[in-house]
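Here's the structure, in structure tokens; my notes come after.
As the structure is a computational prediction, the values presented were derived from the model and not from experiment.
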Amino acid sequence: MPPIRRSNLGRITRNATNQANYRSNQSPQERDDRNERERIRISQTREVRTRNSTNNRANLNRAAFSYDVSIDYSNYQCVVIGSMNSVCSYCNALKYKNEANGLCCENGKVILIPLDPPPEPLYSLVSGIGTDSIHFLTNIQQYNNCFQMTSFGATNVVRESFMPTFKMQGQMYHRSGEDGYDFSIKMINPITGSETNKKVSSMNYYSYRLMIRENEDNHILKCRRLYHKYVVDMYVKIETERLTFIRLNQTKLRSEEYIHLRDAINTDGNAQNVGRMIILPATYIGSPRHMHEYAQDAMSYVRHYGTADLFITFTCYPQWIEIKQELFPGQSPIDRHGITARWQKRGLPHAHILIWLVEKIRPNEADAVISAEIPNVQLDPELHEVVIKNLIHGPCGTLNQNSPCMMDGKCSKRYPRTLISETITVNDGYPL
């Protein structure tokens, strides 16, 4: 990262002022002529760039400082994700490029029996084709709740008088279906094909089950809201298994050396009063030690390099073609959170990015990097559509008191705000 350097973003950009004055003094006819010339120029430039498109990453150097509506940035392979067409050589799972090799089967160490297709009429009902299937999938969770008690049995069912409850003895089982995860499943040596002593974890098992594979129909991914419930329940199982491992392996984690446990003993003066404390290591995501480690890293960056120059929030767009083309018939992106989550593993759905620049932003470049304007629909129709659809707040306030942002009769995001035609920096350093 670069050494600490001061920026001077507090000045009003003269370029934006001159441009605004120039456009405000134009007549309607002059404005129409300018727009027509711009449309012709853009059309000609796009044709040339389409014929001579290049994938050289160097061509995008400082491109954010000179956004050009005539450039089709999707021609650059460095910004294109592509289709889910990478095939695992071990289990035939389909993946996006640059996804981890062991995401699906731990590089051939996990091999599970393929799922049996559900019997008719259930197979047709989850297909997403036809009015009956659409109705069934729309209400699939309600149907599951109605019939979940009709397909299981037990070794001994005890009913007493007319009480609306019963007791079960022995093992509960379902009359149809397949066995799920079991702790006794062993990993496979991918070279010899023989079993190893290492167990398949619940995370390995469900990662394998939730993948899309060539020539294999995964009906779990077709069940919409019931699929969501399945994923949440199985993730609880994964987290429980992780916490159980940590609880049973405190000595291997050397938890007695953790500073918090020593502080508790020194404060109380009696080790017997501490109780059975389970220490979560920093490797457990979301634990106090993990969050403390992140906070220390953040402060170290600022102390060494100074404050960041850019804070960028990147949000995944569920309507991207790379996501929609992986959906089953009748599905929308909300039915397949797994696809979006796999983009998140590569930092795409929602990322907060801090950037330190070697060449600091000059005052006349602020408006070239940051834009809070609605793009011209004639000059840049694609960007205009994105901004109108995703980046407009409201309506709220007197126009819509039921808006989610409303608190105590006011917008919690402080809208509407006063129009500021030029970029300025207030006393706290925040640009407006």
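Open room surrounds CD1 on I334; 12 or fewer heavy atoms of other groups in view lie less than 6.0 Å from it. Counting heavy atoms of neighbouring residues, nucleotides and ligands inside a 6.0 Å radius, atom CZ of R213 exceeds 12 of them. Within a 6.0 Å sphere centred on CG of L122, other residues, nucleotides and ligands contribute more than 12 heavy atoms. The local environment of CZ in F311 is crowded, with over 12 non-hydrogen atoms from other residues, nucleotides or ligands closer than 6.0 Å. For Q142, the CD atom sits in a packed shell: over 12 heavy atoms of surrounding residues, nucleotides or ligands are nearer than 6.0 Å.
E214 and L94 get closest at one heavy-atom pair: CG-CD2, 3.7 Å.
Within the 3.5 Å criterion, the main-chain N or O of I279 finds a donor-acceptor partner in the side chain of Q250. Although no hydrogens or angles enter the test, the distance criterion places no donor-acceptor pair under 3.5 Å between the side chain of S133 and the main chain of G130. Counting only distance, with no hydrogens or angles, the side chain of E216 and the backbone of I212 share no donor-acceptor pair below 3.5 Å.
In summary, of the residues considered (L137, L221, D335), a side chain to side chain contact (heavy atoms under 4.5 Å, CB included) with Y227 occurs for L221 alone.
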Sequence neighbours excluded and cut-off under 3.5 Å, please list the side-chain donor-acceptor pairs for residues 386-396, or say none.
unit_1, atom_1, unit_2, atom_2, d
K389, NZ, Y317, OH, 3.3
N390, ND2, V386, O, 3.1

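Taking the ring axis of Y230 as reference, the NZ or CZ atom of R209 does not stay both within 45° of it and closer than 6.0 Å to the ring centre. The cationic group of R417 lies under 6.0 Å from the six-membered ring centre of Y415 and within 45° of the ring axis, placing it in a cation-pi geometry.
Between the side chains of S124 and E120, at least one donor-acceptor pair of N or O atoms lies under 3.5 Å. Looking only at atom types and distance, the side chain of Y96 has no donor-acceptor partner in the side chain of E326 under 3.5 Å away.
In summary, K229 and D233 engage in a salt bridge, as defined by a charged side-chain N under 4.0 Å from a carboxylate O.
The aromatic rings of H135 and Y143 stand perpendicular to each other, their planes meeting at an angle above 60°, with 30° marking the opposite boundary.
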